[in-house]
Amino acid sequence: MRKNIVAGNWKMNTTLAEGVGLAKDVNEALKNAADVKCDVVICVPFTHLAPVAAVIDGKLGLGAENCADHVKGAYTGEVSAPMVASTGAKYVILGHSERRQYYGETSAILKEKVNLALAENLTPIFCIGEVLEERENGTFLDVVTRQIREALFGLSAEDFGKLILAYEPVWAIGTGKTATADQAQEMHAHIRGVIAEKYGKEVADNCSILYGGSCKPSNAKELFAKADVDGGLIGGAALDAASFMGIVTAF
Ligand code: 13P
């Protein structure tokens with residue numbers, strides 16, 4: 001059966017000292033929390049990976065926010081999947097809308113990144129989602145279908161089964177405007193159907209699909225109560241241990 005997961009995406013926030021402090025706080029809070037019913041992951045800037053790995057326990061998962069589309073070589077400024085894995089990280093966010101929008105990441109590039117991440121036994125948290133115009137003109141289901149098909153449908157069923165998906169409507173990211181629980185459920189059920197069509201019902205049923213976009217302690221319970229919403233990918237609210245834990249304990 002699929003796992004419930006709450007993952008933080010710190011984005012480009014915190015200095016190293018602040019980040020290590022935040023990771024320690026989350027780690028401590030998680031250790032002391034009585035009844036945690038989900039896996040918990042923090043995805044942090046590259047510079048923070050190794051120092052954060054050194055201060056957290058196995059109970060808290062660690063991930064990067066991106067990795068390169070090449071394995072090594074003359075790619076100044078890039079960080080490869082093997083480098084990420086060598087820090088102790090187990091996850092990597094790929095295809096975040098901010099990477100697609102500001103850094104020109106296409107499905108072809110993301111396909112490479114997914115393959116390289118899987119080759120290092122990193123679990124990709126693969127993001128998909130429509131922009132406001134696509135929500136308003138009614139093409140949002142098709143847009144997300146295409147994002148999944150283009151980047152992921154070259155994978156074997158076994159490899160597809162290693163992915164976590166995150167539906168993040170771009171209009172809900174950092175805007176305070178959350179998708180309603182019904183809007184999230186509609187899309188998550190659609191995504192599961194798209195997976196089932198290609199890989200069969202078992203692979204689809206076992207895939208964790210997270211919701212992201214202005215998720216906070218006050219709305220997490222309602223979102224997570226939906227049948228096809230298996231957790232959250234959390235931006236702003238992951239930058240404070242108490243609010244992040246408020247989401248973790250919403251399960
Ligand atoms: P916010 O939770 O800040 O809206 O960000 C969501 C997100 O982009 C997580 O990847």
Side-chain angles (χ1 to χ4, degrees), residues 4-14 18-19 22-23 26 38-46 48-49 52 61-67 84 89-103 105 110 113-114 117 122-132 134-135 140 143-144 147-148 151 163-181 183-184 187-188 191 208-224 226 229-251:
N4 291 327
I5 301 161
V6 172
N9 173 10
W10 291 5
K11 308 194 180 184
M12 197 173 72
N13 292 295
T14 72
E18 289 164 353
L22 176 57
V26 172
C38 60
D39 285 4
V40 184
V41 178
I42 51 175
C43 297
V44 308
F46 290 133
H48 299 19
L49 285 169
V52 166
L62 178 63
E65 301 173 14
N66 182 28
C67 72
V84 168
K90 301 282 184 227
Y91 300 82
V92 59
I93 296 173
L94 293 174
H96 194 282
S97 61
E98 288 150 16
R99 301 293 318 170
R100 294 176 190 258
Q101 194 180 339
Y102 306 141
Y103 301 97
E105 294 198 1
L110 293 171
K113 293 189 177 199
V114 167
L122 292 168
T123 299
I125 302 175
F126 191 84
C127 304
I128 49 198
E130 81 284 0
V131 298
L132 184 60
E134 294 158 342
R135 169 60 56 175
F140 52 99
V143 166
V144 167
Q147 289 172 339
I148 295 170
L163 306 178
I164 297 167
L165 297 189
Y167 168 57
E168 299 205 311
V170 180
W171 47 271
I173 294 177
T175 57
K177 199 173 165 188
T178 324
T180 64
Q183 284 174 322
M187 179 61 87
H188 284 225
I191 292 168
S208 297
I209 308 174
L210 316 185
Y211 168 81
S214 299
C215 185
K216 35 189 186 281
S218 58
N219 58 27
K221 230 184 185 60
E222 195 189 346
L223 286 159
F224 297 171
K226 292 294 179 183
V229 179
D230 307 311
L233 183 56
I234 319 300
L239 294 172
D240 175 81
S243 69
F244 187 58
M245 287 306 293
I247 298 170
V248 167
T249 52
F251 270 113

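Both counts, for ligands and for their atoms, begin at 1 and track the order of listing. Residue numbers run from 1 in the order of the sequence given. Predicted model only: the values in this text are computed from it and were never measured.
- Taking a 6.0 Å sphere around CD of Glu222, one finds it holds 12 or fewer heavy atoms contributed by other residues, nucleotides or ligands.
- Taking all atoms of both residues into account, the shortest heavy-atom contact from Ile164 to Thr123 is CD1-CG2, 3.7 Å.
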Just distance, no hydrogens or angles: give the donor-acceptor pairs under 3.5 Å from side chains in residues 209-216, sequence neighbours left out.
residue, atom, partner, partner atom, Å
Tyr211, OH, Ala179, N, 3.0
Tyr211, OH, Gly213, O, 2.8
Ser214, OG, Ala172, O, 2.7
Ser214, OG, Gly176, N, 2.8
Lys216, NZ, Ser214, O, 3.4

Could you list the donor-acceptor pairs under 3.5 angstrom formed between side-chain atoms of residues 243-251 and any protein atom two or more places apart in sequence or on another chain?
residue, atom, partner, partner atom, Å
Ser243, OG, Ala237, O, 2.7
Ser243, OG, Asp240, O, 3.2
Thr249, OG1, Met245, O, 2.7

Check each N or O atom of ligand 1 against all protein N or O atoms and list the pairs under 3.5 Å, with atom names and distances to 0.1 Å, one per line.
residue, atom, partner, partner atom, Å
ligand 1, 2 (O), Gly235, N, 2.9
ligand 1, 3 (O), Gly236, N, 2.8
ligand 1, 4 (O), Gly174, N, 2.7
ligand 1, 4 (O), Ser214, N, 2.7
ligand 1, 5 (O), Lys11, NZ, 3.3
ligand 1, 8 (O), Lys11, NZ, 2.8
ligand 1, 8 (O), His96, NE2, 2.8
ligand 1, 8 (O), Glu168, OE1, 3.4
ligand 1, 10 (O), Asn9, ND2, 3.0
ligand 1, 10 (O), His96, NE2, 2.9
ligand 1, 10 (O), Glu168, OE1, 3.1
ligand 1, 10 (O), Glu168, OE2, 2.8

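- Sorted by first then second residue, the side chain to side chain donor-acceptor pair (under 3.5 Å) pairs that include residues 164-174, not counting sequence neighbours, are His96-Glu168, Glu130-Tyr167, Glu130-Trp171, Arg135-Tyr167.
- Between Cys43 and Ile93 the shortest heavy-atom distance is CB-CD1, 3.6 Å.
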